[in-house]
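In what follows, a single structure is set out as C-alpha cells and then discussed.
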Amino acid sequence: MNLANEPDHQELCNREQRFFQQAILEDIDLSSSMEDAVNSLRIALACDEAVKTKQTILL
C-alpha cells in the first residue's frame, strides 16, 4: 500500500483547524460531527473497559 500522498499528523491537524475556523466564520452546524465524536469516545471507553474487565461491553 502506497501512502506517499497521505497527509502527516501536522497536516491533519492543520486541516482540522481550517475546517473549524470555516465552521465558525460560516456558522456551519457541527451537531453531526459532535455526535460522531461522542460515539467514538463511547466506543473507545467501552473498549478500555472490556480489556480491563475481560467482558463484552454492549453499546
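The structure displayed is predicted, hence computed values, not measured ones.
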All side chain to side chain donor-acceptor pair (under 3.5 Å) counterparts of Q10, not counting sequence neighbours:
N14

When the side chains of residues 24-33 are checked against the rest of the protein, which donor-acceptor pairs come out under 3.5 Å, sequence neighbours left out?
unit_1, atom_1, unit_2, atom_2, d
E26, OE1, Q22, NE2, 3.4
D29, OD1, S31, N, 2.9
D29, OD1, S31, OG, 2.6

Does CD belonging to E11 count more than 12 external heavy atoms closer than 6.0 Å?
yes

Just to verify, which of L45, V38, N39 counts as forming a side chain to side chain contact (heavy atoms under 4.5 Å, CB included) with L41?
L45

Nearest 0.5 angstrom please: R18 CZ to C13 SG, how far?
11.0 Å

Which value, rounded to the nearest 0.5 Å, describes the distance between D48 atom CG and T53 atom OG1?
9.5 Å

If you take all heavy atoms of P7 and L12, which pair is closest and at what distance?
CG-CD2, 3.6 Å

